[in-house]
Protein chains: 2
Amino acid sequence: MTSTERSPVRPTRQRRAVATALAGFDDFRSAQEIHDLISRQGDSVGLATVYRTLSALADAGEVDMLRNEDGEAIWRSCSDTHHHHLVCRTCGATVEVEGPAVERWTGSIAAEHGYADISHTLEIFGTCPACR
Amino acid sequence: MTSTERSPVRPTRQRRAVATALAGFDDFRSAQEIHDLISRQGDSVGLATVYRTLSALADAGEVDMLRNEDGEAIWRSCSDTHHHHLVCRTCGATVEVEGPAVERWTGSIAAEHGYADISHTLEIFGTCPACR
DNA sequence: GACAAGTTGACAATGGTTCTCAAGGACGGT
DNA sequence: ACCGTCCTTGAGAACCATTGTCAACTTGTC
Ligand SMILES: [Zn+2]
Ligand SMILES: [Zn+2]
Ligand SMILES: [Zn+2]
Ligand SMILES: [Zn+2]
């Protein structure tokens, strides 16, 4: 059960730095890359804090986290509605895409086989026009 | 460049053991679990060899490798036609699913944005009836 | 059997991610 | 401003899946 009281989230220098760094990217980046950008901007935030903040933002639905082919987590600030990604495998350029039909399809497939608590991952990789 | 000569693949006791272990599962398992099953069956194969063999089989398209929500690689021998998976996140029970409409959708989305050389990943996770 | 080349396994190394815990900061009440 | 409480942070250790190392061992071939 989720308790009704949420622990307050305090606006700290560190959390602001992570949010700013995220805004500086429009493609998916690893926690390390985000940490590096923060450092390069003169700020100093512990790597563990970067991970904590990214996880919290992901839980809150304010950033998307997915895994690259090596299983590493990569992150990107996204619109807050459910969507998927069309990602250039050369330069990382990302397009958010929606597919109501796909959402319906995954749900019905799962129901058909009696699975509950459904989640799904769907990513499309390709080469963007600029990288052709 | 891929050379035209392929290095010969020798049928060894270890590779047979991995294949047998794979056949003993009908769901996705980690390399560690596969290694454990081999041990339990009395055979002895180094973990590194399990990884090497699984990777080779995946490259050859004889097993599917995907990543669970923690980013760990999990493996399963699969049919050789293009399909996706509905996976129980508790016990790993897997259903292969096909969705021609989804295949069409990903293709058209990609074309619409000028992306070429399209590939995609789509996995559905949930809790199976037995694990409810 | 002898040779060249592929294969193995114990172990070390790698590297992303999480954990630990003492020190620091935010906030409400006074 | 001062306190007390609870949240937050960071340096480093710990974790752990995966990969690299390399000498010993197989396998296929002649
Ligand atoms: Zn591109
Ligand atoms: Zn979706
Ligand atoms: Zn199950
Ligand atoms: Zn598909």
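These values consider heavy atoms only, across backbone and side chains, with no hydrogens, waters or symmetry-generated copies. Labels below follow one simple rule: chain letters A, B, ... track the order of the sequence lines, proteins then strands, and each chain is numbered from 1.
The distance between atom CH2 of B:Trp75 and atom P of D:dT18, rounded to the nearest whole Å, is 7 Å. Following rounding to the nearest Å, A:Asp59 (CG) and C:dT18 (P) show an atom-to-atom distance of 11 Å. Whole-Å rounding puts the A:Asn68 CG to C:dG16 C1' distance at 11 Å. Atom-to-atom, CG of A:Leu57 to P of D:dT8 comes out at 12 Å; the value is rounded to the nearest Å. Here C:dG15 presents its C1' atom at 11 Å from CG of A:Asp70, a figure rounded to the nearest Å. The distance from atom CD of B:Glu69 to atom C1' of C:dG16 is 18 Å, rounded to the nearest whole Å. The separation between A:Leu66 atom CG and C:dG16 atom C1' is 16 Å, rounded to whole Å.
B:Val95 and A:Trp105 fall within the same hydrophobic cluster, defined by Ile, Leu, Val, Met, Phe, Trp and Tyr side-chain heavy atoms under 4.5 Å apart, directly or through other members.
For A:Gln32, a side-chain nitrogen or oxygen approaches OP1 or OP2 of C:dG16 to under 4.0 Å. The side chain of B:Arg16 places no N or O atom within less than 4.0 Å of a non-bridging phosphate oxygen (OP1 or OP2) of C:dT7. Using a 4.0 Å cut-off, no side-chain N or O of B:Gln14 falls inside it from OP1 or OP2 of C:dT7. A close approach under 4.0 Å does not occur between any side-chain nitrogen or oxygen of B:Tyr51 and OP1 or OP2 of D:dT19.
Minimum atom distance to the side chain of A:Thr12 is reached by D:dT9, of the listed D:dT18, D:dG20, D:dT9. For A:Arg10, the side-chain atoms get nearest to D:dC6 when compared with the rest of D:dC6, C:dT17, C:dG9. The listed nucleotides are D:dT18, D:dG10, C:dT17; the one nearest the side chain of B:Glu72 is D:dT18. Out of C:dG16, C:dC19, D:dT8, the shortest distance to the side chain of A:Arg15 is found at D:dT8.
Considering only heavy atoms from C-beta on, A:Pro129 stays 4.5 Å or farther from B:His113 through its side chain.
Contact of B:Arg52 with C:dG6 (side chain to base): no donor-acceptor pair of N or O atoms is detected under 3.5 Å.
Listed in residue order, the members of residues 33-47 of chain B having a heavy atom less than 4.0 Å from DNA chain C are B:Ser44, B:Val45, B:Gly46.
Using a cutoff of 4.0 Å between basic side-chain nitrogens and carboxylate oxygens, B:Arg13 and B:Asp43 are scored as salt-bridged. B:Arg76 has a carboxylate O that lies under 4.0 Å from a charged side-chain N of B:Glu96, or vice versa, which qualifies the two as a salt bridge. Between A:Arg89 and A:Glu69, none of the side-chain N atoms (NZ, or NE/NH1/NH2) sits under 4.0 Å from a carboxylate O, so this pair counts as no salt bridge.
Under the 6.0 Å cut-off for aromatic ring centres, B:His85 and B:Phe28 qualify, their centroids lying closer than that. Ring pair B:His82/B:His120: centre-to-centre distance below 6.0 Å.
With the nearest nucleotide of DNA chain D identified for both B:Arg13 and B:Arg67, B:Arg67 has the one nearer the 5' end.
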